[in-house]
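First comes the structure, then the notes that go with it.
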Amino acid sequence: MASENVPDIEIYDTTLRDGTQGEGVTFSVADKLRIAERLDAFGVHYIEGGWPGSNPKDIEFFDQAKRRTFRRARLAAFGSTRRKDVRVEEDDQVRLLLEAGTPVVTIFGKTWLLHVLEVLQTSPEENLAMIADTVRHLKSHGKFVVYDAEHAFDGCKDDRAYALKTWQAAERAGADVVTLCDTYGGSLPAEILEITQYARAHLSGRLGIHTHDDIGLGVANALASLDAGVTHIQGTLNGYGERTGNCNLTSVMPILHFKCKRRSMSDESMAQLKELSQFLDETANLRPNARLPWVGAAAFSHKGGTHVNAVQKVIRSYEHIDPARIGNTRHVLISDLAGRSNIVMKARELGFDVTNATPELREMLARIKELEHQGYEFEAADGSLALLIRRALTHEPPPFIVDAYHVSVRREGHQSVCEAVVKVTVGQQSEHRVAEGDGPVNALDSALRAALIRYYRQLENVQLTDYKVRIIDSRSGTAARTRVLIESGDGRDEWGTVGVDDNIVEASLQALVDSLEYALVKDRVTTAAT
Ligand SMILES: [Zn+2]
């Protein structure tokens, strides 16, 4: 058997180059270096760092990268073939590729005659010379050369013989990998397979694939090419990239590993996949896509009574793989389809020791169903749900009770000022506080904290991180109701809480009180369970 170090399929990551073409994605040089280090630690085989000929930031990246050692991955600089009618030694863009100092250089060249004639405005022969000269030049400088055949599939559909000539020009000049690119991402898997087979029949070296997701087939197309002998896959983490994105490596890698049983990454790497995906979103400052296959927060969510019952009995019956193997977790959604099993699984997820036989379960279920009917939703409000379960299981009094409140708004010149008054009972003590704020919720929050801080210093660390309001459709002729969702954190944990009422201030207060109460009891949630 071949050594573990020789992969069956090579993963070529272009998140730092093609991925940064995506809307809303920008990385500083420091970001790019951190991402490159994470990719290396994860175990991808190539990291394409950027195009030194296109911007100074990428030149800076390669300069800094020279001072780092990458343990597993080989760094690649990306660029194009030499310009037409210029000697390759005199082409500045090619010179910058060599100066990047990477072991690998990837260049793209034209396959499609239409582009040769109308975009480059040169002859078919000169295009072949541009490809061959550039590859040969890079090889003479000791580089490992990846040749990216732009529009390989569209070009081939247009003129098979010429397309092949361009790929052969690269291979004969010494290219180590010839990568067929579906640049516009519009091909179908059957076309990808057929054209890759054609290339395989006429080329002898390693073949690669570079696909885009314009019609939702980025991953499928990359996989289709494997059957024709491709062993090098290019793509980006989380599918970042121009338009609808590149082939998503965050899907390709686990598919290869778990479904196709092709050797590419280790089990240990796979178990870090979710973390890597999250790290990238955080660095890019993008909200993670919950519906991303494999690594999304919803990828292993279960909703609906019977279904959850089955998951609880035989985990394998409703999951294609154990989520822990890619570092993801199972998540049970509470919905108005809720049955006993949902509540039990959710309660266990929240740390309560309950079973289907716990006597309080019936009461809990009835309460949740009633609240859901009123418009409460607990899917993003784990904090409120945990409190509800806790209240049903224990008979401890709450850490505080809001006896009364009053909120008023007045205008002073051009500014509106909100003032909140709260009366709170803590144990035997009663507190009465007034506070001002930017809005009613802010004023209430300040007044509540002012009343409670003497008793509970830990509330100093609690911050409200998000506040969402939704008007719920009016039901059975009553007035529209408002649902407020508050997200909070204390530097250690994050939780969501919910409130519903005809009045937005009342709904906000409910969510606010739950947020502070949860902060106070959350560490006792497990010990409190019976
Ligand atoms: Zn691309």
Side-chain angles (χ1 to χ4, degrees), residues 7 9 11-16 19 22 24-25 27 31-32 34-45 47 71-73 213 218-219 222-223 233 235-241 245-303 308 311 315-316 318-333 345-346 348-351 379-380 382 465 487 489 492-496:
I9 309 277
I11 299 296
Y12 182 106
D13 182 282
T14 177
T15 307
L16 298 177
V25 178
F27 295 123
D31 288 339
K32 292 184 84 164
R34 280 175 61 216
I35 294 168
E37 277 175 355
R38 283 295 284 261
L39 283 166
D40 178 45
F42 184 79
V44 304
H45 308 104
I47 301 168
R71 287 183 300 143
R72 291 189 258 200
D213 204 34
V219 169
L223 295 172
I233 298 184
T236 62
L237 293 181
N238 294 346
Y240 282 15
N246 281 59
C247 167
N248 185 354
L249 289 181
T250 320
S251 291
V252 163
M253 293 191 289
I255 292 173
L256 288 177
H257 191 82
F258 297 112
K259 307 290 176 180
C260 306
K261 311 280 185 217
R262 301 291 289 259
R263 199 154 31 77
S264 177
M265 295 282 151
S266 66
D267 285 343
E268 295 72 38
S269 291
M270 279 302 120
Q272 321 263 318
L273 188 67
K274 161 121 184 148
E275 210 184 308
L276 179 71
S277 158
Q278 258 179 336
F279 166 79
L280 187 74
D281 283 337
E282 278 165 25
T283 309
N285 198 21
L286 293 176
R287 190 173 278 272
N289 177 1
R291 289 182 189 81
L292 218 51
W294 299 90
V295 294
F300 297 93
S301 290
H302 299 285
K303 189 171 183 172
V308 171
V311 172
I315 294 272
R316 286 178 52 197
Y318 281 93
E319 282 173 354
H320 66 85
I321 192 170
D322 176 0
R325 299 184 74 182
I326 55 250
N328 208 343
T329 43
R330 180 173 305 119
H331 191 65
V332 179
L333 300 175
M345 270 188 90
K346 189 71 201 181
R348 289 176 153 272
E349 190 188 309
L350 292 170
E379 277 155 25
D382 281 16
T465 53
E487 278 169 38
R492 214 155 42 88
D493 301 305
E494 280 158 18
W495 58 93

Problem set entry | side-chain contact (heavy atoms from CB on, under 4.5 Å) between M270 and M253, intermediate numbers included | CA-CA 8 Å; M270 279 302 120; M253 293 191 289; 3.7 Å; yes

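- Contact check for F300 versus H320: side-chain heavy atoms found under the 4.5 Å cut-off.
- Between L280 atom CG and E282 atom CD the span is 10.0 Å, to the nearest 0.5 Å.
- A distance of 7.0 Å separates CG in L223 from SG in C247, rounded to the nearest 0.5 Å.
- No donor-acceptor distance shorter than 3.5 angstrom exists from the side chain of D13 to the backbone of I47, with no hydrogens or angles considered.
- Atom OG1 in T465 sits 5.0 Å away from atom CD in E487 (nearest 0.5 Å).
- V44 approaches M265 most closely through the heavy-atom pair CA-CE, 3.7 Å.
- A donor-acceptor contact shorter than 3.5 Å is absent between the side chain of K259 and the backbone of P254.
- Contact check for D281 versus N238: side-chain heavy atoms found under the 4.5 Å cut-off.
- Contact check for P323 versus T329: no side-chain heavy atoms found under the 4.5 Å cut-off.
- Within the 3.5 Å criterion, the main-chain N or O of F42 finds a donor-acceptor partner in the side chain of S269.
- Side chain of N246 to main chain of G235: no donor-acceptor pair is present (N/O by atom type, distance under 3.5 Å, no hydrogens or angles).
- The backbone N or O of V295 lies less than 3.5 Å from a partner atom in the side chain of K274, making a donor-acceptor pair.
- Here NE2 of H257 is found 10.5 Å from CG of L273. Values are rounded to the nearest 0.5 Å.
- Looking at heavy atoms from C-beta onward, N248 lies out of side-chain contact with Y240 at the 4.5 angstrom threshold.
- No side-chain donor from either of T283 and D31 sits under 3.5 Å from a side-chain acceptor of the other.
- Taking 4.0 Å as the cut-off between side-chain N and carboxylate O, R71 and E37 do not count as a salt-bridged pair.
- Side chain of R72 to main chain of A41: a donor-acceptor pair is present (N/O by atom type, distance under 3.5 Å, no hydrogens or angles).
- Using a distance-only test at 3.5 Å, with no hydrogens or angles considered, no donor-acceptor pair links the side chain of T15 to the main chain of G19.
- Residue S277 comes nearest to L292 through the heavy atom pair OG-CD2, 4.3 Å, listed as atom of the first residue, atom of the second, then distance.
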For this session: Using the side-chain contact (heavy atoms from CB on, under 4.5 Å) rule, take I35 and L39 through it: C-alpha gap first, then chi angles, then the decisive distance, then the call.
Result: CA-CA 6 Å; I35 294 168; L39 283 166; 3.9 Å; yes

Exercise. Step by step, would you call I326 with F258 a side-chain contact (heavy atoms from CB on, under 4.5 Å)?
Worked result: CA-CA 10 Å; I326 55 250; F258 297 112; 3.7 Å; yes

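- Using modelled atom types, one side-chain atom of N328 and one backbone atom of G296 make a donor-acceptor pair closer than 3.5 Å.
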For this session: In sequence, state the C-alpha distance, the side-chain angles, and the governing distance for S264 and I11, and then conclude on side-chain contact (heavy atoms from CB on, under 4.5 Å).
Result: CA-CA 7 Å; S264 177; I11 299 296; 3.4 Å; yes

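- In this structure, NZ on K261 lies 12.0 Å from CG on L256, to the nearest 0.5 angstrom.
- Residues R38 and L276 form a side-chain contact, since some pair of their non-hydrogen atoms from C-beta on lies under 4.5 Å apart.
- With contacts defined as side-chain heavy-atom distances shorter than 4.5 Å, the pair I321/W294 qualifies.
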